Amino acid sequence: MDSTPVFSKERQTPFTSGQLPIVTHAVGIAEELVSNHYKMSASQWLRPKYDVKTLADLEPPEIVDGPFAQIIRYKGQPKRASLGSATYDLYKICLQDDAIMVALDHHPELDMLPFALYIITHELIHIVRFSKFLQGFDASAEERLSEEKRVHERTHEILSTVRLKGLATVLDFYKDWRTVCEQIDCKP
């Protein structure tokens, strides 16, 4: 679906100091939009623990070729907890800086803020869906594809009402995911 070129892990270029504030801004907007869409209060939003990291903060196994981001699930436990019942899922959104920049280079019609907003909103929707048990984290390849299509549909639904320069172009960039989703009826 995505025409993003695949690149080698050998070319790993992190976001610049000028790009990081754009990503941070996208994270803030995405958090607000997703929490509003799912009608989650601030305390509920803190329950699905997650973090967003860029290439500079990723460990080698968290760096992948191709996708713009991936979610990794870790098990967390408070330091003073001795029982397994205190464990929780900690999700890490691993932004793949280089893949994002390659896509922006190959698609000059895309702007970084709306593109990053789409990517982060998409990943946050996954986390909400995992946390609400609407989708299992360890799904089959077929289930993951259906879920990916559902999440693209939700991402479009949330972002289609946002007024942000360049966002319509980004939504159009992902239109193939929505078309396929409509064809196979991948509603919740």
Side-chain angles (χ1 to χ4, degrees), residues 1-6 15 19 22-41 44-45 48 50-52 54 64 66-73 91-97 99-137 139-188:
M1 302 291 163
D2 191 344
S3 61
T4 305
V6 176
F15 291 130
Q19 293 165 331
I22 296 170
V23 173
T24 300
H25 186 55
V27 170
I29 295 169
E31 288 174 339
E32 185 174 335
L33 291 169
V34 172
S35 64
N36 287 344
H37 179 79
Y38 286 97
K39 297 173 180 34
M40 297 170 69
S41 68
Q44 289 172 315
W45 190 233
Y50 69 92
D51 202 0
V52 180
T54 63
V64 293
F68 302 129
Q70 73 165 334
I71 298 174
I72 298 179
R73 181 179 63 179
Y91 296 98
K92 188 174 188 180
I93 298 173
C94 303
L95 294 177
Q96 306 297 312
D97 307 21
I100 293 169
M101 296 313 300
V102 166
L104 291 172
D105 288 346
H106 283 80
H107 298 277
E109 71 278 11
L110 299 174
D111 293 325
M112 185 164 187
L113 177 60
F115 194 56
L117 176 60
Y118 188 100
I119 294 165
I120 295 162
T121 299
H122 180 92
E123 300 306 329
L124 289 175
I125 292 169
H126 276 300
I127 291 171
V128 169
R129 291 180 55 78
F130 297 146
S131 299
K132 291 182 174 241
F133 303 104
L134 298 171
Q135 175 65 38
F137 188 83
S140 70
E142 184 178 319
E143 289 171 327
R144 282 194 307 269
L145 179 60
S146 291
E147 176 65 2
E148 199 56 35
K149 293 169 186 172
R150 274 191 289 277
V151 172
H152 275 291
E153 182 64 33
R154 297 300 168 273
T155 306
H156 182 268
E157 183 181 322
I158 291 170
L159 295 178
S160 63
T161 61
V162 175
R163 293 173 51 161
L164 176 66
K165 182 181 180 241
L167 188 55
T169 305
V170 172
L171 294 174
D172 188 57
F173 180 79
Y174 282 103
K175 71 180 175 208
D176 289 344
W177 279 101
R178 292 188 314 276
T179 303
V180 172
C181 188
E182 290 166 3
Q183 291 172 356
I184 66 166
D185 188 30
C186 55
K187 298 292 182 203

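Just so it is clear, the structure is predicted and the values come from calculations on it, not from any experiment.
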Inset, instruction - Give the C-alpha distance, both sets of side-chain angles, the deciding distance and a yes or no for side chain to side chain contact (heavy atoms under 4.5 Å, CB included) between Leu95 and Ile120. - result: CA-CA 8 Å; Leu95 294 177; Ile120 295 162; 4.2 Å; yes
Inset, instruction - Check the pair His126 / Tyr50 against side-chain hydrogen bond (donor to acceptor under 3.5 Å, both in side chains), numbers first and verdict last. - result: CA-CA 11 Å; His126 276 300; Tyr50 69 92; over 6 Å; no
Inset, instruction - Begin with the C-alpha distance, continue with both residues' side-chain angles, and end with the deciding distance and a verdict on side chain to side chain contact (heavy atoms under 4.5 Å, CB included) for Ile71 and Phe130. - result: CA-CA 11 Å; Ile71 298 174; Phe130 297 146; 4.2 Å; yes
Inset, instruction - Please lay out, stage by stage, how Leu110 and Phe173 fare under the test side chain to side chain contact (heavy atoms under 4.5 Å, CB included). - result: CA-CA 9 Å; Leu110 299 174; Phe173 180 79; 3.9 Å; yes
Legend entry - Intermediate values then yes/no, side chain to side chain contact (heavy atoms under 4.5 Å, CB included), Glu123 and Tyr118: CA-CA 9 Å; Glu123 300 306 329; Tyr118 188 100; over 6 Å; no
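With hydrogens and angles ignored, the 3.5 Å screen pairs no side-chain donor or acceptor of Asp111 with any backbone N or O of Gly166. Distance alone, capped at 3.5 Å, places no donor-acceptor pair between the Gln96 side chain and the Gln70 backbone. At least one donor-acceptor pair under 3.5 Å links the side chain of His106 to the backbone N or O of Val102. Using modelled atom types, one side-chain atom of Ser160 and one backbone atom of Glu157 make a donor-acceptor pair closer than 3.5 Å.
Remark: Leu33 CG to Leu159 CG distance equals 6.5 Å, nearest 0.5 Å. Atoms CD1 and OG1, from Ile100 and Thr54 in turn, are 9.5 Å apart once rounded to the nearest 0.5 Å. Here the OG1 atom belonging to Thr155 is positioned 9.0 Å from the NE2 atom belonging to His37, to the nearest 0.5 angstrom. Atom CD1 of Ile72 sits about 12.0 Å away from atom CG of Asp51, to the nearest 0.5 Å. Taking CG of Leu124 as the reference point, atom CD1 of Ile158 lies at 9.0 Å (rounded to 0.5 Å). For the atom pair NE2 (His152) and CG (Asp176), the distance works out to 10.5 Å, reported to the nearest 0.5 Å.
The distance between the ring centers of Phe68 and Phe115 falls below 6.0 angstrom. Under the 6.0 Å cut-off for aromatic ring centres, His156 and Tyr174 do not qualify, their centroids lying 6.0 Å or more apart.
Two residues are said to be in side-chain contact when any heavy atoms from C-beta on lie closer than 4.5 Å; Met101 and Gln19 meet this criterion. Counting heavy atoms from C-beta on, the side chains of Ile125 and Tyr38 come closer than 4.5 Å. Counting heavy atoms from C-beta on, the side chains of Glu109 and Asp172 never come closer than 4.5 Å. Looking at Leu113 and Leu164, their side chains come closer than 4.5 Å, going by heavy atoms from C-beta outward. Side-chain contact check for Thr169 versus Pro114: every heavy-atom pair is 4.5 Å or farther apart.
For the pair Ala30 and Leu117, the tightest heavy-atom approach, listed with the atom from each and the gap, is N-CD1, 3.6 Å.
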